[in-house]
Amino acid sequence: MKLPKIYEPGEYESDIYALWEKSRVFLADPTSKKEHFSIAMPPPNETGTLSIGHALFLTLQDIMARYNRLHGKDVLWLPGTDHAALAVNAIIEKKLTEEGTTKHEIGREAFLERTREFVGNSRETMLGQMRAMGASADWSRLRYTLDDTLNRCVNETFVKMYADGLIYRGSRIVNWDPNLETNVSDDEVVYVEEKAKFYTFKYGPFEIGTARPETKFGDKYVVMHPDDKRYTKYKHGDTFETEWINGPITATIIKDESVDPQFGTGVMTITPWHSLVDFEIAERHGLDKEQIIDFHGNLLPIAEEFAGMPIAEARDKIVEKLAGKGLLVKTDENYAHNIAVNERGKGVIEPQIRLQWFIDVNKPAVEWKGEQRSLKEVMQLVIRENDIDIVPERFEKVYFHWIDNLRDWCISRQIWWGHRIPVWYRKDTDGREETYAGVQPPTDESEGWHEWEQDPDTLDTWFSSGLWTWSTLIDQDLAQDYSLTLDDLLRKSADFQAYHPTNVLETGWDILFFWVARMILTTTYITGEIPFKTTYLHGMIRAEDGKKMSKSRPESIIDPLTIIPKYGTDALRMALIMGVTPGNDQSWGWGKIEANRNFCNKLWNIARYIEDLIGDNYKPSKPEPATAADHWILSKLQHSTDLIGEHLDNYRFSEAYEVLYHFVWDDFADWYIEASKAQQNLPLLAYCLEAILVIMHPFAPFVTETIWQTLAWEGDSILAVREWPKIHSANVKAAKMFEEIQAIVTESRFITTALKTSGATLYYTDESVLRENAELIKRLARLKDVTEVRDGNGLYLTSTSARCWLDIDTETAQGYLKELEGKQEAQKRAVEQLEKRLANKAYVDNAPKEIVEQTNSQLEEARQLLASIQAEYDRFAKA
RNA sequence: GGGCGCUUAGCUCAGUUGGCUAGAGCAUCUCGUUUACACCGAGAGGGUCGGGGGUUCGAGUCCCUCAGCGCCCACCA
C-alpha cells in the first residue's frame with residue numbers, strides 16, 4: 001500500500017482508535033501472570049468539554065500506560081468522570097436563573113433530574129474527546145463518582161468513621177455562600193483584594209474600627225490585649241453602658257491575646273456568629289453568640305429598622321445613623337482588604353454558625369502500621385517514610401505545611417447534587433430525637449416515633465473523590481450484596497487485589513490538597529494501604545503571553561478540539577510535553593505544535609521512503625550490520641532506546657522526548673538514511689524503522705500505529721502491544737569510524753559553503769576510512785570525486801586525523817584564510833585552557849582519575865588539531 | 001506575615017548526583033529542485049547562565065545575600 005506524501009492525521013485517527021478498541025488491547029486482565037501496572041485516571045468534572053489541561057494529563061498518563069504496556073505489563077488505566085457536586089450545581093442554578101425559576105420552585109427531584117440529564121450529555125461528549133486524545137484507558141471499567149458502587153463505598157466509609165468517632169456533627173462557624181446557599185470548605189475559599197471604606201466609631205470610652213458596620217448590632221464585647229499599657233485601667237469582665245446603633249447597651253471588657261495592639265486603636269468589638277476569629281475568642285471566654293445576618297444575606301430582626309435589608313444597602317444607612325449620633329470618628333476611603341469568595345460562582349462568603357458534619361483529623365482512632373494514629377499523623381507518615389513519593393519532591397514541603405495547619409474537615413454541603421449524608425433522624429411524640437447512621441436506610445418503625453427522615457445535606461465532592469483508587473476496583477456485582485462487608489468486598493474483588501495500591505497518580509499540583517491528600521486520608525483509613533506509590537504533579541498551561549487562560553479573555557483559551565483536526569493529536573501530545581518539567585507551569589506556544597506536526601510528517605516520510613524501497617509483502621529479517629554507518633546507527637539506536645526508557649522510568653518525559661526527536665530526525669533521517677543512499681542495507685533500515693515506531697509509540701500513538709498498519713509487515717498485529725525493542729549490539733570500532741566520516745563530511749560542507757564553491761574533489765593518501773567510504777563521502781559532502789593520490793594539495797582538512805585535501809585553487813582558498821585564523825585562535829584558547837588545568841597540581845591531585853585522564857587525551861587531541869590548523873594557516877599566509 | 005518557585009540565545013524553555021568548548025524548538029541570515037519529506041536539506045550567527053560574595057582543583061548546578069517576576073498558605077477587627 002502506498003503512503004501519500006503528507007501525513008493527514010484526520011484521515012486515520014478515528015479508524016486507528018476504533019481498531020485499538022476492537023482489538024481489546026487496552027483491557028486489563030487481573031488474572032494475568034504479567035506484572036500489573038495501574039493508574040487511576042483523575043475523573044474530569046462533567047461540566048461540558050475537555051480543556052487543554054485535560055489534554056495534558058491524558059497525554060502524560062497515556063505515555064505511562066503505553067510505555068508499560070510495551071514492556072509487556074498488564075496495564076490498567078481506569079477512566080472515570082466526576083459528578084463535581086458544587087461546580088455542576090452552580091451551572092444548573094445559573095441556567096434556572098436564566099429561565100426565571102429557582103431550584104426551590106422546581107423542587108429537589110426535578111432539580112436532580114435536570115442535573116442528571118446535563119451530566120449525561122457532558123459525559124458522552126467528554127468520553128469522545130478522551131478517545132480523540134488517544135487515551136488508552138480500559139473503557140470497560142469506566143466509573144463515575146456518583147454510581148451505585150461508589151455510593152455504597154461513600155456510605156460505608158461514612159458509617160465506619162462515624163462509629164470510630166472520626167465523624168461528628170457540631171455547630172461550628174463555616175464559610176457560607178449565600179448565593180449557592182451552601183457552606184464550602186476552607187480550601188474552596190479564595191480571597192480577592194478590594195478597596196473599601198474603613199470606619200472608626202466611638203464605642204463607650206474606646207474607638208473601634210470596622211469595614212463591616214452591618215454586623216455590629218449585637219456587639220457587646222470589647223476586646224483588647226491583656227498587656228496593652230493604654231488600657232490597664234480596664235479589667236477583664238468590667239462592664240460599661242454606651243450608646244450604640246439602636247440605643248443604649250451594656251458592653252463587657254474582654255482581654256485576649258489574639259488582639260494585635262499595633263492595629264488601629266488596639267481595641268475591637270466582636271461578632272462571633274460571623275467571624276472565625278471572633279468565634280474563637282467567644283469560645284475561649286464562653287461568650288454569647290448571636291446571628292445578625294440570615295442565610296440569604298439579609299439582616300435579621302435584631303437590626304430593628306434595618307431588618308430584612310441586604311448587606312450592601314444597610315451598610316451606608318447604618319453609618320449615616322451612627323454619624324447622626326456623633327459616633328463616627330473618621331472614614332478611611334482607601335482601605336485595602338481581602339474579601340472571601342467561593343471559588344465556584346464567586347459568591348461572597350459570609351461566615352455563619354451552622355450545624356454541620358466534620359471529620360476529626362486529630363483523634364487517634366486510625367490503625368496504621370500497628371499503632372493508633374490520627375488521620376493527620378498518617379497523612380504525614382506516608383510521605384515522611386517514603387511510602388509515597390511526590391514528584392517533584394519540593395511539593396512535599398507544601399504538603400506538610402498544609403497538613404500542619406489542617407483543621408477538622410467540614411464535609412456537609414447544602415446543595416442537592418451529590419452523595420446524600422447517610423444519616424436519618426426521627427422524633428418521638430415527646431420531641432426526643434434519635435439519630436441513625438447506616439449504609440442502608442433504617443427500616444424499623446416503632447410505636448410512638450415519627451418516620452425516619454434523611455439528613456437533607458450532601459457530602460463534599462472530595463469526600464467521594466477521595467475513595468477513587470480503591471472504590472473503582474470493587475466488583476460492581478458484589479457491591480450489590482449487602483450481606484458482604486466492605487472488607488469482604490475488597491478481599492473478593494479481583495481488580496482490587498491485582499491493581500491496588502496503584503502505581504502512579506498523575507494530576508495537577510493545584511489539587512494536591514483537595515484530592516491527593518484526601519485520597520491518602522481515606523484510603524489508608526479504609527484499606528490499610530497507600531492509594532498510590534508515586535504522585536506526579538504537572539503544572540498548569542498558561543496562555544501564550546504567560547498569563548492564566550481565562551474566560552474573561554476568550555482569545556487566551558486554547559481549545560484542544562480545534563487543534564486536533566488541524567495538526568493532529570500526536571502533534572498536540574508532543575507539544576504538551578516538550579520542554580516541560582514536573583510541577584512547573586508552561587506557556588502555550590504555537591511553535592511547539594508546528595514543530596511536532598512536522599516531526600510526525602518526518603516520520604511519515606521516513607516510512608514512505610523505506611516502504612518505497614522495500615515494496616509490499618516485506619517480511620522482517622535479521623539485520624546484518626555491514627558498513628560503518630550500519631554499526632553506528634545500531635549503536636545510536638541502542639543508546640537512545642535505553643536512554644528513553646531510563647528517562648521515562650524517572651518521569652522525565654521531556655528529556656525522553658528530546659532523545660527520541662534527535663535520534664529520529666538527526667541520526668536516522670539526516671545521517672543514516674542519507675548514507676544508505678550510497679550503501680544500502682534494507683533489512684537494517686526496516687529494523688530501525690520498526691524499533692522507532694515502537695519507541696515513539698507512547699508519544700505519538702496515532703501516526704506510529706497508522707504506519708505500522710499500512711506497512712502490515714506482521715499481518716494484523718497491533719503496534720500498541722508489541723515489545724519494547726532490545727537492540728543488537730554493534731561493533732564499537734566500526735561505529736567510531738562513521739564518526740570520522742561525519743567529521744570529514746561536515747568540514748567539507750563547511751568549507752565549500754564558506755567559499756561558495758561546488759564540485760570540489762577530495763584527495764587523500766593511504767587512508768582506509770576514505771578508501772572504503774569514498775562513494776559515501778562523495779555523496780554526503782556533495783563532492784565531485786574522492787580520489788587517492790600520493791601527495792595532495794589544496795585545502796587540508798583539520799578536524800580529522802585522516803590526511804585529506806579539498807582540491808580548491810589557491811586564489812579561492814585565500815577566502816578561507818580568515819576562517820582558518822578564527823579557528824586557530826579558538827583552538828589556541830582551548831589548548832591553553834587544558835594546559836592550565838593540567839598544570840594545576842590541586843586539580844591533578846584531587847579530581848577523579850578518569851576526569852584527569854580524559855583531560856590529558858583531550859589536550860593531546862587539541863594540540864594535534866592546533867598543529868594541523870597552524871600548518872595550514874602558515875602555508876596559506878606564505879602563499 | 002509565612003512558604004515555594006522562576007530569572008540561561010531575540011522568544012518559549014531544557015540542563016539527573018558539581019566535570020568535554022552550556023543545549024533544544026521557534027525566529028534570523030546564506031545557500032540548495034540530490035532515489036522520502038519545502039511540514040525539506042546543508043551551513044552560519046546569537047549567551048560574562050539576574051547582580052554581588054562564598055565553598056571547591058572545578059559552579060548554570062551547592063551555600064549566603066540583594067533585586068525583579070510569579071504562585072501557594074494565613075489573614076487584622
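A, B, ... follow the sequence lines: proteins, then strands. Residue 1 opens every chain.
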Assert: residue with more 5' nearest nucleotide on RNA chain B, out of V580(A) and R749(A), is V580(A)
So which nucleotide from C39(B), G25(B), C37(B) ends up closest to the side chain of M578(A)?
-> G25(B)
Is the phosphate of C37(B), meaning OP1 or OP2, less than 4.0 Å from a side-chain N or O of W665(A)?
-> no
For C26(B), the Watson-Crick or wobble counterpart (both distances under 3.5 Å) = G10(B)
Quick one: look up who G41(B) pairs with, Watson-Crick or G-U, both distances under 3.5 Å, and put none if it's unpaired.
-> C31(B)
Complementary nucleotide for G1(B) - Watson-Crick or wobble, under 3.5 Å = C73(B)
Could you state the CD1-C1' distance from I692(A) to A36(B), rounded to the nearest angstrom?
-> 14 Å
Do R782(A) and U34(B) have a side chain to base donor-acceptor pair shorter than 3.5 Å?
-> yes
To the nearest Å, give me how far apart CZ (F653(A)) and P (A24(B)) are.
-> 24 Å
Considering only NZ, NE, NH1 and NH2 on the basic side and carboxylate oxygens on the acidic side, decide whether D186(A) and R407(A) come within less than 4.0 Å.
-> yes
Taking only residues two or more places apart in sequence, or in another chain, which ones meet K216(A) in a side chain to side chain donor-acceptor pair (under 3.5 Å)?
-> D219(A), T269(A)
Output yes when at least one side-chain N/O atom of N598(A) is less than 4.0 Å from OP1 or OP2 of C40(B), else no.
-> yes
For the atom pair CD1 (I292(A)) and CD (E290(A)), what is the distance rounded to the nearest 0.5 Å?
-> 5.5 Å
Ignoring backbone atoms, establish whether S587(A) has a side-chain N or O less than 4.0 Å from OP1 or OP2 of C13(B).
-> yes
Starting from P on U35(B), measure out to CD1 on I606(A) and report it in whole angstrom.
-> 18 Å
Here the gap from L866(A) atom CG to E832(A) atom CD, rounded to the nearest 0.5 Å, amounts to 9.0 Å
With both distances under 3.5 Å as the test, what is the Watson-Crick or G-U wobble partner of C57(B)?
-> G19(B)
Which is true for W509(A) with a 4.0 Å heavy-atom rule: it touches a base, it touches only sugar-phosphate, or it touches nothing?
-> sugar-phosphate
Q586(A) atom CD is separated from A14(B) atom P, nearest whole Å, by 9 Å
Would you indicate what K566(A) reaches in the nucleic acid, counting non-hydrogen atoms under 4.0 angstrom: base, sugar-phosphate, or nothing?
-> nothing
Measure from the side-chain heavy atoms of E655(A) and tell me the nearest of G15(B), C57(B), C40(B).
-> G15(B)
Base C37(B) paired with N601(A) side chain (donor-acceptor, <3.5 Å) | no
N or O in side chain of R608(A) less than 4.0 angstrom from C37(B) OP1/OP2 | yes
Please give, in whole Å, the distance from G15(B) P to R652(A) CZ?
-> 9 Å
Tell me which nucleotide among U21(B), C57(B), G15(B) gets nearest to the side chain of T581(A).
-> G15(B)
Counting any heavy atom closer than 4.0 Å, what does K5(A) reach on the DNA or RNA strands: base, sugar-phosphate only, or nothing?
-> sugar-phosphate
Taking the nucleotide of RNA chain B with the closest heavy atom to each, which residue, Q680(A) or S258(A), is nearer the 5' end?
-> Q680(A)
Any donor-acceptor pair under 3.5 Å between the side chain of K397(A) and the base of C4(B)?
-> no
Using the C1' atom on both, measure A59(B) against U17(B) and round to a whole Å.
-> 14 Å
Would you please classify the geometry between the W665(A) ring and the F599(A) ring as parallel, tilted or perpendicular, with 30° and 60° separating the classes?
-> parallel
